[in-house]
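Heavy-atom basis, side chains included; hydrogens, waters and symmetry copies ignored.
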Amino acid sequence: MKKIILMRMAVMVGLIGLSAHALAENVQSLRGAALEENSTDAIVMQYQKDEEPIPRDYLQQPPLIPHQIAGYQVTIKHNKCLSCHSWSNYKAKGATKISQTHFENRDGAVMSNVSARRYFCSQCHVPQVDAEPLVENTFEPVDAMRH
Ligand code: HEC
Ligand code: HEC
């Protein structure tokens with residue numbers, strides 16, 4: 001009996017191995033292109049060191065993040081960004097406090113805590129790397145925003 005079970009297991013392990021091998025060979029995108037063909041190695045970017053706030057280029061721009069955010073987690077239970085940027089913590093941490101818009105829900109009502117739509121900070125705020133622009137950009141800030 002033991003032998004039969006062992007043999008079945010061996011056959012199963014073999015099958016799993018085979019199918020994983022077959023899958024690896026045929027990984028395709030939804031458009032049908034083989035995924036391995038166009039992939040390039042990931043480039044490890046150097047995020048810029050902590051700096052002063054970066055000037056804004058247009059009204060309503062989410063300010064760029066002038067510091068590193070490696071390891072800063074935002075989960076359903078904990079928001080690392082708010083440990084410095086919330087109204088209760090910003091003074092002690094020397095950070096900018098989130099503005100009142102971060103408390104408004106989509107109907108414009110002001111909540112007593114950060115609105116769910118402003119909870120995932122990096123949806124709008126992004127840290128900076130020293131890299132060539134991916135596309136040419138000739139955007140000029142309006143006069144009122146020139147520094
Ligand atoms: C350890 C404290 C700390 C944490 C955690 C932190 N920040 Fe900051 N943040 C700062 C400080 C300090 C500044 C710069 C304030 C200054 O120099 O005026 C700053 C600046 C900023 C600014 C620029 C504000 C402006 O007016 O230009 C943004 C945007 C920002 N942080 C977003 C974030 C986000 C998003 C996270 C989470 C991913 C985060 N920060 C986590 C301390 C922190
Ligand atoms: C849906 C986009 C969005 C999300 C999500 C968001 N922000 Fe903002 N944030 C903005 C915009 C736009 C501004 C500039 C205009 C304003 O104050 O509303 C801003 C401004 C700020 C400022 C500068 C405030 C000031 O008085 O100049 C800080 C600091 C900041 N956000 C931090 C955060 C943190 C921390 C989170 C996460 C808890 C967060 N933001 C989530 C869009 C967003």
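Taking CG of L82 as the start and CG of N113 as the end, the distance is 8.0 Å to the nearest 0.5 Å. With rounding to the nearest 0.5 Å, the separation of NZ in K91 from SG in C84 is 15.5 Å. With rounding to the nearest 0.5 Å, the separation of CD in E51 from CD in Q68 is 10.5 Å. With rounding to the nearest 0.5 angstrom, the CZ atom of R117 is 7.0 Å from the CG atom of N105.
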What side-chain donor-acceptor pairs closer than 3.5 Å can you find for residues 119-130, not counting sequence neighbours?
| unit_1 | atom_1 | unit_2 | atom_2 | d |
| --- | --- | --- | --- | --- |
| Y119 | OH | T75 | O | 2.7 |
| H125 | ND1 | P63 | O | 2.8 |
| Q128 | NE2 | V126 | O | 3.2 |

Checklist entry - Would H85 and K97 satisfy side-chain contact (heavy atoms from CB on, under 4.5 Å), going step by step from the backbone distance to the final call? => result CA-CA 5 Å; H85 288 284; K97 67 175 185 295; over 6 Å; no
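Using a distance-only test at 3.5 Å, with no hydrogens or angles considered, no donor-acceptor pair links the side chain of H78 to the main chain of Q73. Under the 3.5 Å distance criterion, the side-chain polar atoms of D57 are left unmatched by any main-chain donor or acceptor of P141. Between the S83 side chain and the K80 main chain, a donor and an acceptor come within less than 3.5 Å of each other.
Residues Q61 and L64 have side chains in contact (heavy-atom distance under 4.5 Å, counting atoms from C-beta outward). Between M111 and E104, the closest side-chain pair of non-hydrogen atoms is not below 4.5 Å. Contact check for Q48 versus I54: side-chain heavy atoms found under the 4.5 Å cut-off.
Heavy-atom contacts from other residues, nucleotides or ligands closer than 6.0 Å to CD of Q28 number more than 12. Atom CG of D41 has 12 or fewer neighbouring heavy atoms from other residues, nucleotides or ligands inside a 6.0 Å radius.
For residues 94-114, the set of pairs meeting the ring pair (Phe, Tyr, Trp, His ring centres under 6.0 Å) definition, not counting sequence neighbours, comprises W87-F103.
In this structure, the salt bridge (charged side-chain N to carboxylate O under 4.0 Å, His left out) partners of E140, at least two apart in sequence or on a different chain, are R146.
No continuous path of hydrophobic side-chain contacts links V142 to Y58 [ILVMFWY only; heavy atoms under 4.5 Å].
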